[in-house]
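Treat the numbers as computed from the prediction; the structure is a model and nothing was measured. Every chain is numbered from 1, with letters handed out A, B, ... down the list of sequences. Computed from heavy atoms alone, side chains included, the values below leave out hydrogens, waters and symmetry copies.
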Protein chains: 2
Amino acid sequence: MARRVDHSPDELKVMILDAAEDLVMAGGVSELSARKIAQKIGYAPGTIYNVYTNIDELILILNGKTLERLYDHLSMVRLDGEADIGSANENLEKLLIGYLAFIDENRSLWRLLFDHVPSSEDDLPEWYNQRVLKLLSVIDQVLLPLLSGRGAEERRDVSATLWASLHGIISLADKKKLDVVISRSSHDVCSLLITTFLNGLKDHADFTGKIQ
Amino acid sequence: MARRVDHSPDELKVMILDAAEDLVMAGGVSELSARKIAQKIGYAPGTIYNVYTNIDELILILNGKTLERLYDHLSMVRLDGEADIGSANENLEKLLIGYLAFIDENRSLWRLLFDHVPSSEDDLPEWYNQRVLKLLSVIDQVLLPLLSGRGAEERRDVSATLWASLHGIISLADKKKLDVVISRSSHDVCSLLITTFLNGLKDHADFTGKIQ
């Protein structure tokens with residue numbers, strides 16, 4: 001247990017957040033409790049509720065931090081600037097590899113990001129939504145050259161659809177539910193989706209022709 | 001509490017399974033405990049472990065039952081027999097509507113199917129895998145006319161990829177994490193994926209052409 005000293009509310013906020021992050025990293029979401037955090041920072045459990053409204057608020061801020069770290073991680077991926085499907089495919093493949101590497105290193109935090117459903121029905125705060133959208137903008141940028149003829153809302157719909165689909169594949173694999181239906185890695189399944197999806201963005205509206 | 005009588009192990013298995021199903025339907029996964037099941041059937045909690053190895057085995061059998069009910073539900077969807085992309089699109093749209101309706105009526109059981117990760121590392125039993133694959137065969141059938149030039153394994157990969165992607169979208173929506181990135185319903189996002197994916201199955205290997 002750390003030696004107890006007096007800290008300002010701002011200092012406590014950071015200490016509690018760091019302790020929560022360490023606990024999740026080390027033992028998963030189930031490790032996250034006011035008691036364990038308090039023990040780690042050398043304060044009484046009640047201290048946590050002096051600086052955070054409840055555990056949901058703490059998790060939201062921790063998830064916000066994970067989103068920011070993920071964005072920083074993906075921003076470092078060097079993308080190709082050509083405006084064709086081949087380049088978009090390569091760029092998405094690079095981002096996918098970066099994303100999977102991030103998950104490998106931060107699996108418990110990544111799970112917390114998606115599996116935790118807050119008990120309150122309140123809308124997510126605007127700053128949190130902005131971080132999610134900033135992350136999605138990484139895919140937006142890659143798809144932009146392929147969607148130049150479409151409006152901003154349609155472009156966003158396309159990016160979000162691709163992202164949600166990739167998330168689904170990775171999430172099923174994480175829960176060991178992908179290998180029942182397919183004997184390939186989550187990376188390979190994501191690649192197949194990316195390739196097919198990008199190909200499908202060409203002459204999108206043409207569904208009249210018979211096959212073969 | 002039901003009046004306690006003597007039941008055969010086979011009768012107890014069914015009673016326990018039904019009680020577990022009722023508990024999950026009524027209050028979600030968190031309601032599932034040996035104590036609550038025992039209370040419902042009027043036996044001591046230990047009785048459950050006379051006929052099921054543990055709660056994981058009970059959940060596996062309950063999930064198997066849900067898979068079978070979902071298959072029966074989707075089998076009743078009337079599909080169009082034409083072998084073109086338009087028909088495949090319509091058929092997948094009908095299956096999607098059927099799937100979403102099933103989830104609406106059986107949300108807690110559907111969540112149990114995907115969110116529960118058994119504590120044991122054992123492989124799933126063969127009968128369970130067969131039920132999952134039987135369910136996936138519904139999508140296989142719809143895609144078959146579009147993939148006649150490909151091998152069985154590749155066809156299965158394509159079906160599984162589409163299914164996993166759709167699952168991802170629906171699952172994000174269920175956790176209220178889809179509306180942060182897209183202001184459309186999970187149905188609309190799934191439709192967008194289906195349309196784009198099917199379009200992408202045409203001349204799949206052509207990734208050389210520049211856009212526009």
Side-chain angles (χ1 to χ4, degrees), chain A residues 82-86 88-89 114-115 117-118 124 128-129 132-133 136 145-146 148-149 153 156-173 175-178 180-184 188-189 192-193 195-204 206-212, chain B residues 82-86 88-89 114-115 117-118 124 128-129 132-133 136 145-146 148-149 153 156-173 175-178 180-184 188-189 192-193 195-204 206-212:
Chain A
E82 290 290 307
D84 56 34
I85 283 197
N89 203 44
F114 290 106
D115 285 348
V117 180
L124 290 167
Y128 188 89
N129 290 343
V132 174
L133 292 174
L136 194 62
L146 279 58
S148 55
E153 199 179 339
R156 168 49 53 93
D157 286 353
V158 170
S159 299
T161 301
L162 177 59
W163 172 78
S165 304
L166 292 170
H167 171 77
I169 293 165
I170 296 166
S171 181
L172 276 174
K175 294 191 159 70
K176 310 204 185 305
K177 308 225 178 233
L178 189 65
V180 177
V181 292
I182 190 165
S183 55
R184 294 168 67 172
D188 287 355
V189 181
L192 202 157
L193 175 70
T195 306
T196 309
F197 191 87
L198 287 181
N199 197 42
L201 290 178
K202 294 193 302 186
D203 51 274
H204 191 278
D206 175 25
F207 288 102
T208 50
K210 294 254 178 188
I211 300 291
Q212 289 160 358
Chain B
E82 291 288 309
D84 57 34
I85 285 197
N89 204 44
F114 291 105
D115 284 348
V117 180
L124 290 167
Y128 188 89
N129 289 344
V132 175
L133 292 174
L136 194 62
L146 279 57
S148 56
E153 199 178 340
R156 168 50 52 95
D157 286 353
V158 170
S159 299
T161 301
L162 177 59
W163 173 77
S165 304
L166 292 172
H167 171 76
I169 294 166
I170 296 166
S171 181
L172 276 174
K175 293 189 160 69
K176 309 205 185 306
K177 307 225 179 236
L178 188 65
V180 177
V181 292
I182 191 166
S183 55
R184 293 168 68 171
D188 286 356
V189 182
L192 203 157
L193 175 70
T195 307
T196 310
F197 191 87
L198 288 180
N199 197 43
L201 290 178
K202 293 193 301 185
D203 50 276
H204 190 278
D206 175 27
F207 288 103
T208 49
K210 295 254 179 186
I211 299 291
Q212 290 160 359

* Yes or no on side chain to side chain contact (heavy atoms under 4.5 Å, CB included) for S183(B) and E153(A), after CA distance, side-chain angles and deciding distance? -> CA-CA 9 Å; S183(B) 55; E153(A) 199 179 339; 4.2 Å; yes

* Structure fact -> Most contact-rich option vs chain A, by heavy-atom pairs under 4.5 angstrom, among I170(B), L172(B), N129(B), L136(B), is L172(B)

* Between N199(A) and G200(B), which heavy-atom pair has the shortest distance, and what is it? -> ND2-O, 2.7 Å

* Asked: Is chain A contacted by the side chain of L193(B), its backbone, both, or neither, given a heavy-atom distance below 4.5 Å?
  -> both

* Asked: What residues form a side chain to side chain contact (heavy atoms under 4.5 Å, CB included) with K175(B), not counting sequence neighbours?
  -> D115(A), V117(A), D115(B), S171(B), K177(B)

* To do: Please flag which part of I169(A) lies under 4.5 Å from any non-hydrogen atom of chain B: side chain, backbone, both or neither.
  => both

* Is the side chain of D157(B) donor-acceptor paired with the backbone N or O of I182(A) at a distance under 3.5 Å, no angle test? -> no

* To do: Locate the shortest heavy-atom distance separating T196(B) from F197(A); write the atom from each residue and the value.
  => CG2-O, 3.3 Å

* With a 4.5 angstrom heavy-atom cut-off, could you sort out which part of F114(A) is near chain B: side chain, backbone, both or neither? => both

* Top contributor to chain A contacts, counting heavy-atom pairs under 4.5 Å, from L124(B), V189(B), D188(B) -> V189(B)

* Contacts of type side chain to side chain donor-acceptor pair (under 3.5 Å), residue T161(B), not counting sequence neighbours -> none

